[in-house]
Amino acid sequence: MKAIVSDRYGRADSLTVREVAIPSLERNQVLVKVHASSINFGNLVLLTGKPLPARLAFGLLKPKYRIPGGDVAGIVEAVGENVTGFQIGDEVFGDLSTSGWGAFAEYAAANETSLALKPSNLTFAEAAAVPMAGATALQAIRDSGELAAGMKVLLHGASGGVGTFAIQIAKVYGAEVTTVVSTRNTEMARTLGADHVIDYQKETIEKHDQTYDVIFGVNGAQPLSTYSRLLKENGQFIHVGGESSQMYQTLLKGSWLSMVGKKKYSTFMHRTKQEDLFFLKELIETEKIRPIIDREYSLQEVPKAIQYFEKGRSQGKVIISVLNE
């Protein structure tokens with residue numbers, strides 16, 4: 001099969017397309033004929049080996065997982081002997097970040113618990129946009145943020161994959177949503193359900209006088225002092241993805257601020273949970289949320305797609321189409 005292979009940490013141009021063996025299956029795994037995948041922040045970590053602590057999981061000197069790609073959508077080609085939830089021919093989508101990655105290829109092996117049946121009203125490309133970004137937004141909002149009806153939430157950086165899902169999911173939970181986006185993304189934010197939209201190219205958030213129960217820094221780049229001023233007395237700031245410097249600031253300074261005051265600061269990383277894939281599928285099929293796709297690239301164009309993603313200007317998800325529909 002054809003696959004994108006990474007033999008060393010580096011930039012996008014270090015990735016190559018090669019012929020490699022189709023993965024063999026363990027007893028609890030499913031072989032998926034990949035139709036589409038998408039790019040997430042985790043792909044950049046796999047590619048660059050940064051932040052450096054990530055190498056404890058991904059390989060100290062070179063990538064432990066040679067074929068990147070976490071999100072997957074495709075058709076079940078084969079099942080392991082212990083698999084009970086899927087059969088050959090099923091259309092599935094899922095998150096391979098706990099299955100050894102590998103979605104940037106024509107076939108991928110996935111743990112049964114990393115997959116769910118594809119939403120019936122989505123194409124494979126649309127379904128590939130959902131798993132990691134959708135689950136990140138869901139878990140951050142529902143589990144970490146504990147959003148409830150009437151709560152005021154600020155989403156700083158709401159135009160990318162996680163952000164576009166976060167707007168919609170926050171509205172599902174009844175929150176009053178304010179987003180911080182650039183001029184070109186204001187209309188999209190409103191269309192997705194944002195109650196208030198701050199255009200950071202016209203209004204500086206430092207002078208904003210509203211306060212919030214929860215602030216999600218989805219690739220947010222403001223100092224903690226700015227977010228702290230915008231938090232209510234018992235509010236919480238949750239860092240979700242983005243720059244390593246923001247993560248370290250939240251982990252170090254945020255932890256100290258959480259201990260000495262009533263406001264809480266934390267950094268969030270998603271977990272692969274099959275029940276969340278089921279829930280996202282339900283939200284999509286009942287038309288409560290939908291994926292937003294910016295651009296699609298072929299498997300051979302993965303380096304080019306990553307270079308575009310790294311700029312941080314995508315509106316929604318960047319898709320890798322492996323098999324044309």
Side-chain angles (χ1 to χ4, degrees), residues 38-41 44 126 129-130 132-141 144-145 147 151-231 235-243 245-247 249-250 267-268 270 288-295 305 308-319:
S38 72
I39 298 178
N40 298 281
F41 178 72
L44 300 186
E126 291 168 335
V130 177
M132 295 182 76
T136 298
L138 174 64
Q139 293 169 15
I141 285 169
S144 294
L147 284 193
M151 292 177 68
K152 294 178 183 281
V153 58
L154 177 70
L155 298 173
H156 192 276
S159 59
V162 174
T164 51
F165 280 113
I167 296 171
Q168 299 173 84
I169 293 172
K171 293 305 298 179
V172 168
Y173 281 92
E176 181 180 326
V177 177
T178 299
T179 62
V180 182
V181 294
S182 64
T183 302
R184 76 186 188 105
N185 293 316
T186 55
E187 186 56 36
M188 180 180 68
R190 292 189 181 96
T191 300
L192 292 175
D195 299 288
H196 314 284
V197 178
I198 298 173
D199 180 347
Y200 66 74
Q201 293 177 304
K202 296 180 179 179
E203 177 183 352
T204 59
I205 192 172
E206 290 89 344
K207 297 180 179 179
H208 192 58
D209 59 4
Q210 181 62 265
T211 56
Y212 300 90
D213 298 290
V214 181
I215 297 175
F216 291 102
V218 186
N219 302 328
Q222 295 295 322
L224 282 188
S225 58
T226 297
Y227 292 127
S228 182
R229 186 182 64 78
L230 297 173
L231 278 176
Q236 63 171 318
F237 168 75
I238 301 171
H239 165 257
V240 185
E243 295 294 330
S245 59
Q246 184 83 64
M247 179 187 72
Q249 186 180 164
T250 305
T267 189
F268 175 82
H270 98 291
K288 293 178 180 177
I289 68 171
R290 60 186 174 93
I292 303 298
I293 292 177
D294 183 311
R295 298 186 182 185
Y308 173 70
F309 179 83
E310 285 180 308
K311 295 177 182 178
R313 298 176 181 174
S314 60
Q315 293 179 305
K317 295 288 294 181
V318 177
I319 302 299

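Computed from heavy atoms alone, side chains included, the values below leave out hydrogens, waters and symmetry copies. Numbers for residues simply follow the sequence, beginning at 1. For clarity, every value in this text was computed on a predicted model and none was experimentally measured.
Between the side chains of Q210 and H196, no donor-acceptor pair of N or O atoms lies under 3.5 Å. Side-chain contact check for Q201 and T183: at least one donor-acceptor pair (N or O, by modelled atom type) lies under 3.5 Å.
When all heavy atoms of K152 and D213 are compared, the pair lying nearest together is N-OD2, 2.7 Å. Between A129 and I293, the shortest heavy-atom contact is CB-CG1, 4.4 Å. Between E126 and P291, the shortest heavy-atom contact is O-CG, 3.6 Å. Closest approach of S314 to G316, counting heavy atoms only: OG-O, 3.3 Å. When all heavy atoms are compared, the tightest approach of S144 to F268 is OG-CD1, 3.3 Å. The shortest non-hydrogen separation linking R290 to Q168 is N-OE1, 2.8 Å.
Taken from CD1 in I198 to OG1 in T178, the straight-line distance is 6.0 Å, to the nearest 0.5 Å. To the nearest 0.5 Å, atoms CG (L44) and CD (E310) are separated by 5.5 Å. Note that CZ of F309 is 13.5 Å distant from CZ of R295, once rounded to the nearest 0.5 Å.
Side-chain atoms of T226 do not come within 3.5 Å of backbone N or O of Q222 as any donor-acceptor pair. No donor-acceptor pair closer than 3.5 Å links the side chain of S228 to the backbone N or O of L224.
Paired with I141 under the rule side-chain contact (heavy atoms from CB on, under 4.5 Å), one option of V240, V153, I238, I169 passes, and it is I169. For the ring-ring contact (aromatic ring centres under 6.0 Å, His included) with Y227, the qualifying choice from H239, H156, H208 is H156, the only one to do so.
Here the side chains of F237 and L230 are not in contact, with every heavy-atom distance at 4.5 Å or above. F165 is not listed as a side-chain neighbour of L138, based on a closest heavy-atom distance of 4.5 Å or more. With a 4.5 Å cut-off on side-chain heavy atoms, N40 and K317 count as touching. Between D294 and Y308, some side-chain heavy-atom pair lies under the 4.5 Å cut-off.
Residues satisfying the side chain to side chain contact (heavy atoms under 4.5 Å, CB included) criterion with A305, sequence neighbours excluded, are I39, Y297, V318, I320. Take T179 and apply the side chain to side chain contact (heavy atoms under 4.5 Å, CB included) test, not counting sequence neighbours, and it matches L155, A158, I167, V177, V181, A189, A194, V197.
The residues K171 and D195 are annotated as salt-bridged, a charged nitrogen and a carboxylate oxygen being separated by less than 4.0 angstrom.
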Verdict with reasoning, T164 to M188, per side chain to side chain contact (heavy atoms under 4.5 Å, CB included)
CA-CA 9 Å; T164 51; M188 180 180 68; 3.9 Å; yes

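In the displayed structure, R184 atom CZ is contacted under 6.0 Å by more than 12 heavy atoms of other residues, nucleotides or ligands.
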